[in-house]
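Written out below as structure tokens is the structure these notes cover.
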There are 2 protein chains.
Amino acid sequence: MSRGVSSVVYSIGTFTKITGLSADTLRYYEKEGLIFPERDLNNRRVYSEKDIDWIEFILRLKETAMPISQIKAYARLRYEGDSTLEKRLDLLLDHQRFIYKEKEKLEQNILHLNNKINIYKEAIEERR
Amino acid sequence: MSRGVSSVVYSIGTFTKITGLSADTLRYYEKEGLIFPERDLNNRRVYSEKDIDWIEFILRLKETAMPISQIKAYARLRYEGDSTLEKRLDLLLDHQRFIYKEKEKLEQNILHLNNKINIYKEAIEERR
DNA sequence: ATATATATTGGAGTATACTCCATGTCAAGA
DNA sequence: TCTTGACATGGAGTATACTCCAATATATAT
């Protein structure tokens, strides 16, 4: 008795609850070429398990300030299949460099801010 | 013989070169209430040494994703004088908390990204 | 005196990333 | 059969942060 993979799928309504994104945003991401859900017989969007991972990855890229246009480039390669693995790796390595620079900047900013806070504390203390 | 402080000042053109911001951006920041340069007899903007430090601070806040509206709140207090020191310190402490959360998120993202990169590398290696 | 450079203002335009809305379709329940 | 709810599309509207432009003013150089 063969038992196919359960292949759980989600309507856009369910998918909004899973991802925390609004239906409008999901449709916007689709229009921008980030995600391509299947459609059912009534032309309704059908999201899969794989789409959850993909959206979560998109959200992480967005959290690190990657513009949609760039995420789209990655998405395009992804949907092209395994032949684009190297190209995608290159994009990820580029992003890795970017993100490490971001981290350095953030650390610099933390130092400056902590310094400023100390100056403020001293000024307030002195004034008493 | 008293000798006044040299009080170096800069035209908007010079100030663009110092700060790296365009004249339009500087005027925009002024319109948004971030900075208030003096004016000379011909109504031209006159930026001071202090404005350099202030712009540099603004840029650091911007680098850590603080919206102009929030920077404006700080600017307003700043231009009100020493009576607002505590309030400004509070804002800075809020921002400190925010920025530390950002750092944590960034570190999480780095872990995820490094992981993804390793998976890609393995997939490419395996395929050879 | 005139040309050039640098500045002024108000307001329009752009890019990004959504967000909202009007109108229409379809399936399932009362 | 009728209503309800969830979805579809196209297009308009919003917020943020600039960026550009036209018309005007002033100071300096020739």
Side-chain angles (χ1 to χ4, degrees), chain A residues 8-48 51 54-76 95 98 102 105 109, chain B residues 8-48 51 54-76 95 98 102 105 109:
Chain A
V8 185
V9 293
Y10 310 100
S11 69
I12 196 168
T14 310
F15 207 60
T16 60
K17 281 160 204 152
I18 295 170
T19 61
L21 296 173
S22 74
D24 275 318
T25 299
L26 287 169
R27 285 188 281 251
Y28 170 69
Y29 284 178
E30 189 176 338
K31 200 164 63 180
E32 292 300 312
L34 302 195
I35 188 167
F36 308 101
E38 304 282 309
R39 297 296 179 112
D40 69 9
L41 292 174
N42 293 309
N43 195 36
R44 293 185 168 199
R45 286 169 181 84
V46 170
Y47 293 92
S48 70
D51 288 325
W54 173 228
I55 284 285
E56 275 167 7
F57 183 58
I58 287 175
L59 292 180
R60 273 199 293 277
L61 293 179
K62 287 190 68 57
E63 243 180 32
T64 48
M66 187 184 280
I68 281 179
S69 57
Q70 242 179 290
I71 300 175
K72 182 187 183 164
Y74 185 88
R76 207 172 1 222
H95 190 55
F98 168 79
E102 286 276 299
K105 274 198 270 175
N109 281 322
Chain B
V8 185
V9 293
Y10 309 100
S11 70
I12 196 166
T14 309
F15 208 59
T16 61
K17 280 161 206 155
I18 294 170
T19 61
L21 297 172
S22 74
D24 274 318
T25 299
L26 287 169
R27 284 187 282 250
Y28 170 69
Y29 285 177
E30 189 176 338
K31 199 163 63 180
E32 291 301 311
L34 301 195
I35 188 166
F36 308 102
E38 305 282 311
R39 297 297 179 110
D40 68 9
L41 294 174
N42 294 310
N43 194 37
R44 291 183 171 202
R45 287 169 180 82
V46 171
Y47 294 92
S48 70
D51 289 323
W54 174 228
I55 284 284
E56 275 167 7
F57 184 58
I58 287 176
L59 292 180
R60 274 198 293 277
L61 292 179
K62 287 190 68 58
E63 241 179 34
T64 48
M66 186 184 280
I68 280 179
S69 57
Q70 243 179 289
I71 300 175
K72 182 188 183 164
Y74 184 88
R76 204 170 7 219
H95 191 56
F98 168 79
E102 286 276 298
K105 276 198 268 174
N109 281 322

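Just so it is clear: chains get the letters A, B, ... in the order the sequence lines come, proteins before strands, and each one is counted from 1.
- For B:Glu38, the CD atom counts as loosely surrounded, since its 6.0 Å shell holds 12 or fewer non-hydrogen atoms of other residues, nucleotides or ligands.
- Nucleotides of DNA chain C nearest to B:Lys17 and B:Lys31 differ in position, and the one nearer the 5' end is that of B:Lys17.
- Salt bridge status for A:Arg39 with A:Glu30: present, with a side-chain N to carboxylate O gap under 4.0 Å.
- Taking the six-membered ring where the residue is Trp, the centroids of A:Tyr74 and A:Trp54 are separated by under 6.0 Å.
- B:Ser22 comes within 4.0 angstrom of no nucleic acid atom, judged by non-hydrogen atoms across all strands.
- Counting non-hydrogen atoms of other residues, nucleotides and ligands closer than 6.0 Å to CD of A:Glu63 gives a total above 12.
- Taking the nucleotide of DNA chain D with the nearest heavy atom to each of B:Lys62 and A:Arg39, the more 5' of the two is matched to A:Arg39.
- In this structure, the side chain of A:Asp40 engages the main chain of A:Asn42 through a donor-acceptor pair within 3.5 Å.
- Of the candidates B:Ile35, B:Thr16, B:Ile18, B:Thr14, B:Ile35 is the only one forming a side chain to side chain contact (heavy atoms under 4.5 Å, CB included) with B:Tyr47.
- In the helix from C:dA1-D:dT30 to C:dA30-D:dT1, the terminal helix axes, each the rotation mapping four pairs' C1' atoms onto the next four within five end pairs, subtend 20°, rounded to 10°.
- B:Phe15 comes within contact range of no nucleotide atom at all, as no heavy-atom separation falls under 4.0 Å.
- The closest side-chain heavy-atom distance from A:Thr64 to A:His95 is below 4.5 Å.
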Next item on the list: If a protein heavy atom is under 4.0 Å from the base, mark B; if only from the sugar-phosphate, S; if neither, -; do that for nucleotides 20-29 of chain C going 5' to 3'.
Entry: B-----SS--

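- First and last contacts of DNA chain D with chain A, using any nucleotide atom under 4.0 Å from a protein heavy atom and ordered 5' to 3', fall at D:dA6 to D:dT9.
- The minimum heavy-atom distance linking A:Pro37 with A:Val46 is given by the pair CB-O, 3.5 Å.
- Using modelled atom types, no side-chain atom of A:Thr25 and backbone atom of A:Leu21 make a donor-acceptor pair closer than 3.5 Å.
- Taken from OG in A:Ser11 to CZ in A:Arg45, the straight-line distance is 11.5 Å, to the nearest 0.5 Å.
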